[in-house]
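Input: a single structure, listed below in structure tokens.
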Amino acid sequence: MIYIVEDDPNIREIESYALKNSGFDTAEFDCGQAFFAACEGRTPELVILDVMLPEEDGLSILRRMRQRSDLRRVPVIMVTAKATELDAVKGLDSGADDYITKPFGVMEFISRVRAVFRRISPQGEGLLQFEGLCVDGPRRVVTLEGQEVELTYKEFELLRLLLENPGIVLTRNRIMDKIWSADYEGESRTVDMHIKTLRQKLGGYGGRIKTVRGVGYKIE
């Protein structure tokens, strides 16, 4: 799911339409307050963030994201009418993954989005298949017997990590390090919770994710 934070409804509509036509799911917000409220229910996989917003500007929103353990690793593309080098530097220094100025072409916009996903998911150049389960890395889409399964960003990364290591036991610490980063302040219980929800969403295939007691998990 890509979150679009843009107060101009026309630009927001163009961005959403282009992304949906390229196979992405989107949710739209016109201010930071609505965006952060939505993040409490679901963590986005990517954020398209305008700089000039009412009440709280995009740079402030970005800094708040990077201070939160659940949002600090979510990729962000800044979008703004400001085109000076200083504005670009401010955005990138604040933690943005890319920066695009208005007006922009739709093809360039989609290309930038795909490029960010490729950078954060270097192993996602192809498909990972496990019988009727398919993980499309570039599009970040999971299908089960041809039906799309909606996963959160972390659930997607967790499933992909397991499929990249079939039959291999992955310790909780290794999973934490690969997906939540070594400086994550949570506990390994977080892994167990995500495994539980992932199993539920995968239905019958969820049983293929095995618990290795006292160690971690594997898929077989």
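Separating the CG atom in Leu159 from the CG atom in Leu133 is a distance of 5.5 Å, to the nearest 0.5 Å. Note that CD1 of Ile77 is 6.5 Å distant from CZ of Phe109, once rounded to the nearest 0.5 Å. Residue Thr26 holds its OG1 atom at 4.5 Å from CD1 of Ile4, rounded to the nearest 0.5 Å. Atoms CD1 and CG, from Ile175 and Leu162 in turn, are 6.0 Å apart once rounded to the nearest 0.5 Å. A distance of 8.0 Å separates CG of Asp50 from CE of Met52, quoted to the nearest 0.5 Å. In this structure, the separation between OG1 on Thr80 and CG on Leu49 is 9.5 Å, given to the nearest 0.5 Å.
Residue Phe104 places its CZ atom among more than 12 non-hydrogen atoms of other residues, nucleotides or ligands, all under 6.0 Å distant. For Gln147, the CD atom is loosely surrounded, since the number of other residues' heavy atoms within 6.0 Å does not exceed 12. Counting heavy-atom neighbours within 6.0 Å of Glu13 CD, excluding the residue itself, gives a total of 12 or less.
At distances below 3.5 Å, not a single donor-acceptor pair connects side-chain atoms of Asp136 with backbone N or O atoms of Val141. A donor-acceptor pair under 3.5 Å links the side-chain atoms of Arg66 to the main chain of Gly95, judged by distance alone.
Under 4.0 Å is where a charged nitrogen must lie from a carboxylate oxygen, and between Lys201 and Glu155 at least one such pair does. No salt bridge links Lys178 with Glu164; every basic N to acidic carboxylate O contact stays at or beyond 4.0 Å.
Of the N and O atoms on the side chains of Thr43 and Arg73, not one donor lies less than 3.5 Å from an acceptor on the other residue.
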- Task: Report the C-alpha distance between Phe35 and Glu28 in whole Å, list the side-chain angles of each, state the deciding distance to 0.1 Å, and finish with yes or no for side-chain contact (heavy atoms from CB on, under 4.5 Å).
- Result: CA-CA 8 Å; Phe35 163 71; Glu28 304 171 33; over 6 Å; no
- Item | Test log, rule side-chain contact (heavy atoms from CB on, under 4.5 Å), inputs Glu56 and Gln33 | CA-CA 8 Å; Glu56 182 178 14; Gln33 183 178 359; over 6 Å; no
- Message: Under the criterion side chain to side chain donor-acceptor pair (under 3.5 Å), I'd like the reasoning laid out for Glu148 against Thr143: C-alpha separation, chi angles, the key distance, then a yes or no.
- Response: CA-CA 4 Å; Glu148 186 171 338; Thr143 55; over 6 Å; no
- Query: Is there a side chain to side chain donor-acceptor pair (under 3.5 Å) between Tyr205 and Glu145 once you walk through the steps?
  - Reply: CA-CA 10 Å; Tyr205 278 81; Glu145 304 294 350; 2.8 Å; yes
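Residues Leu170 and Lys218 form no side-chain contact, since every pair of their non-hydrogen atoms from C-beta on lies 4.5 Å or further apart.
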